[in-house]
Number of protein chains: 2
Amino acid sequence: MRDSNKNNLFEAGNVYKVISGVVRISKLLPDGRRQISSFHTAGDMFGFEADELHNASAEAVTPVKVIAYKWQSLLDSTRSASVVRDLLNLTMVGLRQTQEHLLLLGRKNALERVAAFLLDMAKRTRTGSVIELAMARHDIADYLGLTLETVSRMFAELKDQGAIKLEGARRVHLLDTERLTAMSA
Amino acid sequence: MRDSNKNNLFEAGNVYKVISGVVRISKLLPDGRRQISSFHTAGDMFGFEADELHNASAEAVTPVKVIAYKWQSLLDSTRSASVVRDLLNLTMVGLRQTQEHLLLLGRKNALERVAAFLLDMAKRTRTGSVIELAMARHDIADYLGLTLETVSRMFAELKDQGAIKLEGARRVHLLDTERLTAMSA
DNA sequence: CGCTGTTTTGATTTAATTCAAGCATAGTGG
DNA sequence: CCACTATGCTTGAATTAAATCAAAACAGCG
């Protein structure tokens, strides 16, 4: 197990399980534009995207504890067969989530994206209708394919409409999940 | 093997291999907005995204021949272990490609998207620098998160810049791959 | 040759970005 | 304990890239 808030968590050839904290997976364009493909929280596994050529990076959004599994040792283990089947399942789930995110980035407007994001976060954390955002507006923007200003404006819009309440910038009360769901398109 | 140009190719519980033709995988929003997550051509496998709940659909862009493999029988086979490992690899490759596409949808402008699309198509087909587009502008638009008009304008722009030449709407000569590559990111 | 669906091109509108201040909040040291 | 600073967030005004609306040009195909 590894206790870290350093920059790049990954080495290709490993798969990771998050014990606590939040990790973001992202890719950069040469000029610095960034797209975050996913956030991972306690219990999630990641690292299926890593390979030698492709340069995705994994970074800690908050201080993080992760377990690193060596790819090689997973394949060699006596239970290898069922382990590989589990890994396949996890990767397939990841693929589905990523395709859902494609739909968001390709076809949803700013308000729909933010509404969908909040609902997704609420689903993960299971702390009722109050969510604690671990990441900055800038990270949310890079996840949703928007600018941080637009994200901020959409939060304000949702607040004005009475769908959410903000306690500081990071704690969000979902007041009307019904409506958020409808808005998330 | 299945010879088809009908609408939805998939049943969950199957994985498919394309023998010939082109398949598109897409998701719809309730109001009809569509995002195509991938096109699959001869040799490609697809179906890793399918499950009971999630509604992705696979459709033939051209008349298609595919082989359907029953998930169950793949797992039961005597060579199951290596088969599952192969499926895991394919799914991981799919995940990487999908994340690359997230970067395109979230952060690239229209010209960059179209340039990247053309290069990607060229890489797949390996017919030198001339590519035959199997799909309509509308499908390209839904893949790139644009409107068909914008796609058309970007083709015109690339033509004006001397990066490509069009022979009708569907055959594209890549005249300056170098520049297209630079433009694509 | 005349349809039908596809693609291109043009004019206008709009959603989101960019640029530019201000405002909060938390942390630091006097 | 309170100024002082750094960092992140919000808000406003102006700009812009892409969407929308609208029409013409272009295939294919019966």
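In what follows, every chain begins at residue 1, and chains take the letters A, B, ... in the order their sequences are listed. In what follows, every heavy atom counts, from backbone to side chain, and hydrogens, waters and symmetry copies are set aside.
For Asp76(B), there are no salt bridge (Lys or Arg N to Asp or Glu O under 4.0 Å) partners at least two apart in sequence or on another chain.
Judged by a 6.0 Å distance limit and a 45° cone about the ring axis, Arg124(B) is not positioned over the six-membered ring of Phe39(B).
Each of dT10(D), dT11(D), dG8(D) was ranked by its minimum atom distance to the side chain of Ala156(A); first place goes to dT11(D). Of the candidates dC9(D), dA22(D), dA18(D), dA22(D) carries the atom nearest the Glu149(B) side chain, counting heavy atoms from C-beta on.
Atom CZ in Phe155(A) sits roughly 12 Å away from atom P in dT11(D) (whole-Å rounding). Look at CG on Asp139(A): it is 12 Å from C1' on dG8(D), rounded to the nearest Å. Separating the CZ atom of Arg107(A) from the P atom of dA19(D) is a distance of 7 Å, rounded to the nearest angstrom. One can place CD of Glu167(B) at 15 Å from C1' of dC26(D), the figure rounded to the nearest angstrom. As rounded to whole Å, 15 Å separates atom P of dA27(D) from atom CG of Leu133(B). The CD-P distance, from Glu157(B) to dA17(D), rounds to 12 Å in whole Å. Protein atom NE2 of His138(B) is 14 Å distant from nucleotide atom C1' of dT20(D), rounded to whole Å. Atom CZ in Arg137(A) sits about 9 Å away from atom C1' in dT10(D), given to the nearest Å.
Between Arg153(B) and the phosphate of dA18(D), there is no side-chain N or O to OP1/OP2 separation shorter than 4.0 Å. Taking side-chain N and O atoms only, Arg170(A) has a distance below 4.0 Å to OP1 or OP2 of dC9(D). In this model, the phosphate group of dA18(D) is not approached by any side-chain N or O of Thr147(B) to a distance below 4.0 Å at OP1 or OP2.
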Worked verdict on Arg24(B) versus Glu59(B) for salt bridge (charged side-chain N to carboxylate O under 4.0 Å, His left out): CA-CA 5 Å; Arg24(B) 66 174 182 241; Glu59(B) 293 137 351; 2.7 Å; yes

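Nucleotides of DNA chain C lying under 4.0 Å from heavy atoms of chain A occupy a range whose first and last members, 5' to 3', are dA16(C) to dC19(C).
Counting only residues at least two apart or on different chains, no side-chain hydrogen bond (donor to acceptor under 3.5 Å, both in side chains) pair has a member in residues 80-89 of chain A.
Of the two residues near DNA chain C, Thr150(A) and Gly168(A), the one whose nearest nucleotide lies more 5' is Thr150(A). Each of Leu146(B) and Ala169(B) lies near DNA chain D, and the nucleotide nearest Leu146(B) is the one positioned closer to the 5' end.
Look at Asp139(B) and Arg34(B) and you find a salt bridge, because one of the NZ, NE, NH1 or NH2 atoms lies within 4.0 Å of a carboxylate O, short of that distance.
Contact of the Leu158(B) side chain with the Met183(B) side chain is registered, since non-hydrogen atoms from C-beta on lie closer than 4.5 Å. The closest side-chain heavy-atom distance from Leu111(B) to Gln161(B) is below 4.5 Å.
Residue contacts shown for Arg113(B) are absent, as no nucleic acid heavy atom lies under 4.0 Å away. Among the heavy atoms of the strands lying under 4.0 Å from Leu148(B) is at least one base atom, whether or not backbone atoms are also near.
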